[in-house]
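Being a predicted model, the structure only gives us computed values, none of them experimental. Sequence lines set the chain letters: A, B, ... in the order given, protein chains first and strands last, and positions in each chain run from 1.
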Amino acid sequence: MDGPHVVEVLEALKNLYGTRPWNWHTQQKPFYVLIATILSQRTRDSQTDEAAQRLFSRYSSPQALASAPIEEIEKLIIPVNFYRTKAKRIKEVSSLIVRDFGGEVPRSFDLLTRLPGVGRKTANCVLLYGFHETALPVDTHVHRIANRLGWIETNTAEDTERLLKSIVPKEWIPLVNDLFVKHGQTLCSPVRPKCSDCPIAYLCKYGKQAFKGK
DNA sequence: AAAACGGGGGC
DNA sequence: GCCCCAGTTTT
């Protein structure tokens, strides 16, 4: 069997979804991207964007958030999931950025993942959207789609990240994450994916199986 | 490896 | 009422 049809898949998704950034917070400064990405964890993007804009219209800098009362942050970011934990972490992250990095978000995977509430995926989002580096965030959508396509057998997001980095042509890297998430939010949904409407079903292990016997 | 975090909004 | 959500940390 031949390898993953990476470029065919990406071309098809680009034709389907275009190249417009998928939401508001991906076009902001690194600090905004960082905070909005923390807000986005396990939370729908519409809720994330509204909460992030409420928060930033009241507190617009690391310094302001570092000295903001936790309860105020909480109130502003409801209804995002885990809002109490996130409010605490947002304050901590802001304080650390002020104390340790002169108020600037560090441009380094290792330093970013040392911040509370910042894991692999969030750090890669900051590098990709905030600093325009060729980072490759892997969330549940990206991971699920890589699995369904039959590109990976292993089951960790880190393996998916490594695999995608190795097979995606460089010029596509800024788009991969965006296109996969859009696809995951629409046709390639977690349950009942709409394979009959999917332009890449014929390249997809899961999609082919969905049509078997029809 | 599994559980905890943890609550509003869509159906 | 039930189920889900651009994950991360803790047990």
Could you tell me if [Y] and [X] have a donor-acceptor pair between their side chains, going purely by distance under 3.5 Å?
| X | Y | result |
| --- | --- | --- |
| A:Thr48 | A:Asp45 | no |
| A:Tyr17 | A:Thr186 | yes |
| A:Tyr32 | A:Gln53 | no |
| A:Thr43 | A:Lys86 | yes |

message: Taking NZ in A:Lys29 as the centre, count heavy atoms belonging to other residues, nucleotides or ligands within less than 6.0 Å. Is the count above 12?
response: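 No, NZ of A:Lys29 has 12 or fewer neighbouring heavy atoms, counting only those of other groups under 6.0 Å.
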- request: Using a cut-off of strictly less than 4.0 Å between a heavy atom of the residue and any atom of DNA chain B, enumerate the qualifying residues of residues 36-55 of chain A by number.
  value: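 Per residue number, the list reads A:Arg44, A:Gln47.
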Donor-acceptor list for residues 94-106 of chain A side chains, cut-off 3.5 Å, not counting sequence neighbours:
from, atom 1, to, atom 2, distance (Å)
A:Ser94, OG, A:Ile90, O, 2.7
A:Ser95, OG, A:Lys91, O, 2.8

Given atom [atom1] of [X] and atom [atom2] of [N], what is their separation to the nearest angstrom?
| X | N | atom1 | atom2 | result |
| --- | --- | --- | --- | --- |
| A:Lys86 | B:dG8 | NZ | C1' | 12 Å |
| A:Leu34 | C:dG7 | CG | P | 16 Å |
| A:Lys75 | B:dG8 | NZ | C1' | 18 Å |
| A:Ile90 | C:dT8 | CD1 | C1' | 14 Å |

Which atoms of nucleotides 9-11 of chain C (N or O only) lie under 3.5 Å from a protein N or O atom, and what are those distances?
from, atom 1, to, atom 2, distance (Å)
C:dT9, OP1, A:Gly117, N, 2.8

query: Any donor-acceptor pair under 3.5 Å linking the side chain of A:Ser189 with the backbone of A:Gln185?
result: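 No, A:Ser189 side chain to A:Gln185 backbone: no donor-acceptor pair under 3.5 Å.
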message: Between A:Gln41 and A:Gly117 (side chain of the first, backbone of the second, donor and acceptor by atom type, cut-off under 3.5 Å), is there such a pair?
response: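 Yes, the answer is positive, given that a donor and an acceptor are paired below the 3.5 Å cut-off.
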field: Strand-adjacent residues in residues 172-200 of chain A, judged by heavy atoms under 4.0 Å from DNA chain C
entry: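 The answer is A:Asn177, A:Val181, A:Gln185, A:Pro190.
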- request: Taking only heavy atoms on the protein side, list every residue of residues 131-147 of chain A lying under 4.0 Å from any atom of DNA chain C, sorted numerically.
  value: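 Residues of residues 131-147 of chain A that come under 4.0 Å of DNA chain C are, in numerical order, A:Asp139, A:Thr140, A:His141.
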Partner set under salt bridge (charged side-chain N to carboxylate O under 4.0 Å, His left out) for [X], not counting sequence neighbours:
| X | result |
| --- | --- |
| A:Lys88 | none |
| A:Asp178 | A:Lys182 |
| A:Arg89 | none |
| A:Asp49 | none |

- request: From the options C:dT8, C:dC5, B:dG8, select the nucleotide whose nearest atom is closest to the side chain of A:Asn81.
  value: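 Looking only at side-chain atoms, A:Asn81 lies closest to C:dC5.
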- request: State which residues pass side chain to side chain contact (heavy atoms under 4.5 Å, CB included) with A:Ala68; sequence neighbours excluded, sorted by chain then number.
  value: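 Side chain to side chain contact (heavy atoms under 4.5 Å, CB included) list for A:Ala68, sorted by chain: A:Tyr59, A:Ile73.
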statement: Read 5' to 3' with Watson-Crick or G-U pairs under 3.5 Å, [ ] for crossing pairs and | for partners on another strand, DNA chain B gives |||||.|||||
message: With salt bridge (Lys or Arg N to Asp or Glu O under 4.0 Å) as the rule and sequence neighbours excluded, what pairs involving residues 132-151 of chain A come up?
response: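 Passing the test, one end in residues 132-151 of chain A: A:Arg107-A:Glu133.
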- prompt: What are the two closest non-hydrogen atoms of A:Ala51 and A:Val80, and how far apart are they?
  reply: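 Shortest heavy-atom contact: CB-CG1, 3.6 Å.
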task: With the side chain counted from C-beta on, respond yes when A:Phe131 and A:Pro30 share a heavy-atom pair under 4.5 Å apart, and no when they do not.
output: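 Touching, per the 4.5 Å side-chain cut-off.
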query: What distance, rounded to whole Å, do you find between the two P atoms, one in B:dG6 and one in C:dC2?
result: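 After rounding to an integer number of Å, I get 22 Å for this pair.
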query: For atom P, what is the distance between C:dT8 and B:dG8, given to the nearest Å?
result: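 Here C:dT8 and B:dG8 have their P atoms 23 Å from each other.
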